[in-house]
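Okay, structure first, notes after.
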Amino acid sequence: MRLDRYLANRARLSRQDVRRLLADGRVQVNGEVSQIMDLEIRVFDRIELDEEVLQTGKAARYLMLNKPAGCVSATQDMAHRTVLDLIDEPDKHDLHIAGRLDFNTTGLMLLTNDGLWSRRLTQPTSLQGKVYLVETENEIDPSCIEAFAQGMYFRFENLTTLPAQLELLGTHHARLTLHEGRYHQVKRMFGRFNNKVIALHRESMGSLVLDEALSPGNYRPLTSHEIALI
Ligand code: URA
(Lines give C-alpha, C1' and ligand atoms only; values in the text may rest on other atoms or scores of the structure.)
Protein backbone atom coordinates (compact mmCIF):
# COMPACT_ATOMS: atom_id res chain seq x y z
CA MET A 1 0.00 0.00 0.00
CA ARG A 2 1.12 3.59 -0.63
CA LEU A 3 2.39 5.48 2.41
CA ASP A 4 -0.17 8.30 2.08
CA ARG A 5 -3.07 5.84 1.88
CA TYR A 6 -1.73 3.86 4.82
CA LEU A 7 -1.50 7.01 6.98
CA ALA A 8 -4.96 8.21 5.96
CA ASN A 9 -6.50 4.84 6.93
CA ARG A 10 -4.45 4.12 10.02
CA ALA A 11 -4.53 7.60 11.60
CA ARG A 12 -7.96 8.53 10.14
CA LEU A 13 -6.65 11.66 8.46
CA SER A 14 -7.68 13.52 5.35
CA ARG A 15 -5.44 13.37 2.29
CA GLN A 16 -4.58 17.01 2.89
CA ASP A 17 -3.52 16.35 6.51
CA VAL A 18 -1.41 13.44 5.37
CA ARG A 19 0.31 15.61 2.77
CA ARG A 20 1.11 18.19 5.47
CA LEU A 21 2.46 15.56 7.92
CA LEU A 22 4.75 14.19 5.29
CA ALA A 23 5.93 17.63 4.19
CA ASP A 24 6.66 18.53 7.84
CA GLY A 25 8.90 15.46 8.18
CA ARG A 26 6.81 13.92 10.95
CA VAL A 27 6.68 10.43 9.46
CA GLN A 28 9.49 7.92 9.72
CA VAL A 29 9.76 4.66 7.79
CA ASN A 30 12.32 2.23 9.16
CA GLY A 31 13.91 4.96 11.24
CA GLU A 32 14.27 7.51 8.41
CA VAL A 33 12.07 10.52 7.70
CA SER A 34 10.01 9.86 4.58
CA GLN A 35 8.21 12.53 2.55
CA ILE A 36 7.35 10.27 -0.36
CA MET A 37 3.58 10.00 -0.68
CA ASP A 38 3.59 7.05 -3.06
CA LEU A 39 6.28 5.07 -1.21
CA GLU A 40 5.17 1.41 -1.25
CA ILE A 41 5.11 0.15 2.29
CA ARG A 42 4.89 -3.44 3.50
CA VAL A 43 4.11 -5.34 6.70
CA PHE A 44 7.86 -5.57 7.29
CA ASP A 45 8.29 -1.78 7.53
CA ARG A 46 8.32 0.10 10.84
CA ILE A 47 6.21 3.25 10.58
CA GLU A 48 6.20 6.09 13.10
CA LEU A 49 4.24 9.29 13.28
CA ASP A 50 5.91 11.75 15.64
CA GLU A 51 6.74 9.53 18.64
CA GLU A 52 3.94 7.04 18.01
CA VAL A 53 4.69 3.66 16.43
CA LEU A 54 1.89 2.95 13.97
CA GLN A 55 3.33 -0.35 12.78
CA THR A 56 6.24 -2.19 14.39
CA GLY A 57 7.19 -4.07 11.23
CA LYS A 58 7.01 -7.82 11.12
CA ALA A 59 10.26 -9.76 10.92
CA ALA A 60 10.79 -11.08 7.40
CA ARG A 61 11.68 -14.78 7.45
CA TYR A 62 13.57 -16.78 4.85
CA LEU A 63 14.43 -20.46 5.35
CA MET A 64 16.27 -22.98 3.23
CA LEU A 65 15.17 -26.60 3.65
CA ASN A 66 16.64 -29.76 2.23
CA LYS A 67 13.35 -31.42 1.34
CA PRO A 68 13.37 -35.17 1.85
CA ALA A 69 11.42 -37.59 -0.35
CA GLY A 70 7.98 -38.66 0.88
CA CYS A 71 6.82 -35.29 2.04
CA VAL A 72 4.22 -32.93 0.56
CA SER A 73 5.06 -29.39 -0.57
CA ALA A 74 2.10 -27.93 1.25
CA THR A 75 1.47 -26.32 4.57
CA GLN A 76 -1.39 -28.74 5.39
CA ASP A 77 -2.26 -32.25 4.27
CA MET A 78 -4.66 -34.77 5.79
CA ALA A 79 -2.73 -37.84 4.73
CA HIS A 80 0.97 -37.05 4.57
CA ARG A 81 3.79 -35.29 6.35
CA THR A 82 4.27 -31.77 4.99
CA VAL A 83 7.38 -29.63 4.72
CA LEU A 84 5.95 -27.43 7.46
CA ASP A 85 6.01 -30.43 9.82
CA LEU A 86 9.80 -30.31 9.49
CA ILE A 87 9.98 -26.70 10.66
CA ASP A 88 10.22 -25.94 14.35
CA GLU A 89 9.67 -22.17 14.54
CA PRO A 90 7.00 -20.25 16.49
CA ASP A 91 5.87 -18.29 13.43
CA LYS A 92 5.97 -21.17 10.96
CA HIS A 93 2.31 -20.81 10.01
CA ASP A 94 3.09 -17.42 8.44
CA LEU A 95 5.43 -19.11 5.99
CA HIS A 96 4.66 -20.16 2.44
CA ILE A 97 6.63 -22.25 -0.01
CA ALA A 98 8.54 -20.50 -2.78
CA GLY A 99 8.49 -23.12 -5.51
CA ARG A 100 6.86 -26.45 -4.79
CA LEU A 101 8.41 -29.85 -5.40
CA ASP A 102 6.66 -33.16 -6.01
CA PHE A 103 6.15 -35.67 -3.20
CA ASN A 104 9.32 -37.62 -3.96
CA THR A 105 11.48 -34.77 -5.28
CA THR A 106 14.27 -33.81 -2.91
CA GLY A 107 16.51 -30.81 -2.43
CA LEU A 108 16.34 -27.06 -2.23
CA MET A 109 13.10 -25.67 -0.92
CA LEU A 110 12.63 -22.08 0.25
CA LEU A 111 10.06 -20.92 2.77
CA THR A 112 9.30 -17.31 3.55
CA ASN A 113 6.65 -14.87 4.75
CA ASP A 114 7.77 -12.34 2.11
CA GLY A 115 5.41 -12.62 -0.84
CA LEU A 116 7.24 -10.14 -3.07
CA TRP A 117 10.50 -12.00 -2.66
CA SER A 118 8.98 -15.41 -3.39
CA ARG A 119 7.09 -14.07 -6.42
CA ARG A 120 10.38 -13.10 -8.03
CA LEU A 121 11.38 -16.77 -7.87
CA THR A 122 8.16 -18.54 -8.59
CA GLN A 123 6.23 -16.68 -11.26
CA PRO A 124 5.96 -19.13 -14.16
CA THR A 125 7.87 -16.60 -16.23
CA SER A 126 10.55 -15.95 -13.60
CA LEU A 127 13.83 -16.29 -15.43
CA GLN A 128 15.71 -17.41 -12.34
CA GLY A 129 17.30 -20.73 -13.36
CA LYS A 130 16.29 -23.82 -11.41
CA VAL A 131 18.81 -26.61 -11.56
CA TYR A 132 17.78 -30.27 -11.13
CA LEU A 133 19.69 -33.52 -10.97
CA VAL A 134 17.66 -36.15 -12.78
CA GLU A 135 17.81 -39.93 -12.78
CA THR A 136 15.76 -41.76 -15.37
CA GLU A 137 14.44 -45.29 -15.79
CA ASN A 138 15.77 -45.70 -19.35
CA GLU A 139 18.90 -44.42 -21.05
CA ILE A 140 18.67 -40.74 -21.83
CA ASP A 141 18.36 -40.18 -25.56
CA PRO A 142 21.02 -37.58 -26.48
CA SER A 143 18.47 -35.92 -28.78
CA CYS A 144 16.82 -34.65 -25.58
CA ILE A 145 19.57 -32.02 -25.43
CA GLU A 146 18.46 -30.37 -28.66
CA ALA A 147 14.73 -30.88 -27.98
CA PHE A 148 14.93 -29.30 -24.53
CA ALA A 149 17.05 -26.43 -25.88
CA GLN A 150 14.50 -25.78 -28.64
CA GLY A 151 11.58 -25.68 -26.18
CA MET A 152 8.73 -28.13 -25.99
CA TYR A 153 5.08 -27.46 -26.76
CA PHE A 154 2.74 -28.19 -23.84
CA ARG A 155 -0.78 -28.49 -25.23
CA PHE A 156 -2.53 -28.18 -21.86
CA GLU A 157 -1.08 -24.70 -21.23
CA ASN A 158 -0.78 -23.91 -24.96
CA LEU A 159 2.81 -22.76 -24.60
CA THR A 160 6.30 -23.67 -25.62
CA THR A 161 8.77 -24.09 -22.79
CA LEU A 162 11.73 -21.77 -22.66
CA PRO A 163 15.09 -23.16 -23.81
CA ALA A 164 16.41 -25.51 -21.13
CA GLN A 165 19.95 -26.78 -20.80
CA LEU A 166 20.52 -30.51 -20.40
CA GLU A 167 23.95 -31.80 -19.43
CA LEU A 168 24.39 -35.58 -19.61
CA LEU A 169 26.22 -36.92 -16.56
CA GLY A 170 25.85 -40.61 -17.41
CA THR A 171 23.54 -42.91 -19.34
CA HIS A 172 20.69 -42.38 -16.84
CA HIS A 173 21.76 -39.17 -15.12
CA ALA A 174 21.64 -35.55 -16.16
CA ARG A 175 21.64 -32.02 -14.87
CA LEU A 176 18.76 -29.91 -16.22
CA THR A 177 18.46 -26.13 -15.94
CA LEU A 178 14.97 -24.66 -16.40
CA HIS A 179 14.21 -20.96 -16.59
CA GLU A 180 10.56 -21.20 -15.60
CA GLY A 181 8.43 -23.41 -13.40
CA ARG A 182 5.64 -25.31 -15.16
CA TYR A 183 3.58 -28.06 -13.58
CA HIS A 184 5.61 -31.34 -13.36
CA GLN A 185 7.85 -29.80 -15.98
CA VAL A 186 10.85 -32.10 -15.70
CA LYS A 187 8.77 -35.28 -15.68
CA ARG A 188 6.70 -34.12 -18.62
CA MET A 189 9.78 -33.22 -20.67
CA PHE A 190 11.36 -36.63 -20.19
CA GLY A 191 7.92 -38.21 -20.59
CA ARG A 192 7.93 -37.01 -24.21
CA PHE A 193 10.84 -39.40 -24.72
CA ASN A 194 8.98 -42.19 -22.89
CA ASN A 195 11.52 -41.98 -20.14
CA LYS A 196 10.32 -41.97 -16.57
CA VAL A 197 12.06 -39.78 -14.01
CA ILE A 198 12.84 -42.01 -11.04
CA ALA A 199 14.73 -39.48 -8.91
CA LEU A 200 14.72 -35.72 -8.98
CA HIS A 201 16.73 -33.36 -6.81
CA ARG A 202 16.79 -29.53 -6.95
CA GLU A 203 20.28 -28.14 -6.47
CA SER A 204 19.65 -24.42 -6.86
CA MET A 205 17.17 -21.65 -7.61
CA GLY A 206 18.61 -18.52 -9.16
CA SER A 207 21.94 -17.97 -7.43
CA LEU A 208 20.79 -19.73 -4.28
CA VAL A 209 22.44 -23.12 -3.90
CA LEU A 210 21.38 -25.85 -1.47
CA ASP A 211 23.75 -25.89 1.49
CA GLU A 212 25.45 -29.29 1.42
CA ALA A 213 25.76 -29.22 5.20
CA LEU A 214 21.98 -29.56 5.45
CA SER A 215 20.99 -33.21 5.61
CA PRO A 216 17.54 -34.17 4.24
CA GLY A 217 14.80 -32.78 6.48
CA ASN A 218 17.01 -30.06 7.96
CA TYR A 219 16.77 -26.32 7.42
CA ARG A 220 18.45 -23.04 8.29
CA PRO A 221 17.72 -19.31 7.86
CA LEU A 222 19.13 -17.66 4.76
CA THR A 223 21.98 -15.23 5.29
CA SER A 224 21.40 -11.59 4.33
CA HIS A 225 23.69 -12.16 1.36
CA GLU A 226 21.54 -15.08 0.17
CA ILE A 227 18.31 -13.08 0.60
CA ALA A 228 19.74 -10.32 -1.58
CA LEU A 229 20.57 -12.79 -4.37
CA ILE A 230 16.92 -13.09 -5.40
N1 URA B 1 9.54 -30.81 -12.22
C2 URA B 1 8.91 -31.94 -11.83
O3 URA B 1 8.44 -32.71 -12.67
N4 URA B 1 8.80 -32.17 -10.51
C5 URA B 1 9.32 -31.37 -9.55
O6 URA B 1 9.21 -31.66 -8.36
C7 URA B 1 9.97 -30.20 -9.99
C8 URA B 1 10.07 -29.94 -11.33
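Just follow the structure's listing: the first ligand is 1, and inside any ligand the first atom is 1.
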Can you tell whether the side chains of [X] and [Y] come within less than 4.0 Å, N to carboxylate O?
X      : Y      : result
Lys187 : Asp102 : yes
Asp211 : Arg220 : yes
Asp4   : Arg19  : no

Could you tell me, atom by atom, which parts of ligand 1 come under 4.0 Å of a heavy atom of Gln185? 1 (N), 2 (C), 3 (O)
Ligand 1 atoms in contact with Asp102 (distance to a heavy atom under 4.0 Å): 2 (C), 3 (O), 4 (N), 5 (C), 6 (O)
So do the side chains of Leu111 and Tyr219 get within less than 4.5 Å of each other, counting heavy atoms only? no
Determine whether Asp91 and Lys58 make a side-chain contact, defined as any pair of heavy atoms from C-beta on separated by less than 4.5 Å. no
Would Arg100 count as a polar contact of ligand 1, with the cut-off being nitrogen or oxygen pairs under 3.5 Å? no
Would Leu101 count as being in polar contact with ligand 1, using the rule that some N or O on each side must be under 3.5 angstrom apart? no
Leu200 and ligand 1 - part of the residue with a heavy-atom distance under 4.0 Å: side chain
Where does Thr105 meet ligand 1, judged by heavy-atom distances below 4.0 Å: at the side chain, the backbone, both, or neither? side chain
Tyr132 touching ligand 1 at heavy-atom level, < 4.0 angstrom: yes
Measure the spacing between CD1 of Ile230 and OH of Tyr62 and express it to the nearest 0.5 Å. 11.0 Å
Can you pull out the closest protein heavy atom to atom 1 (N) of ligand 1? Residue, atom name and distance to 0.1 Å, please. Val186 N, 3.2 Å
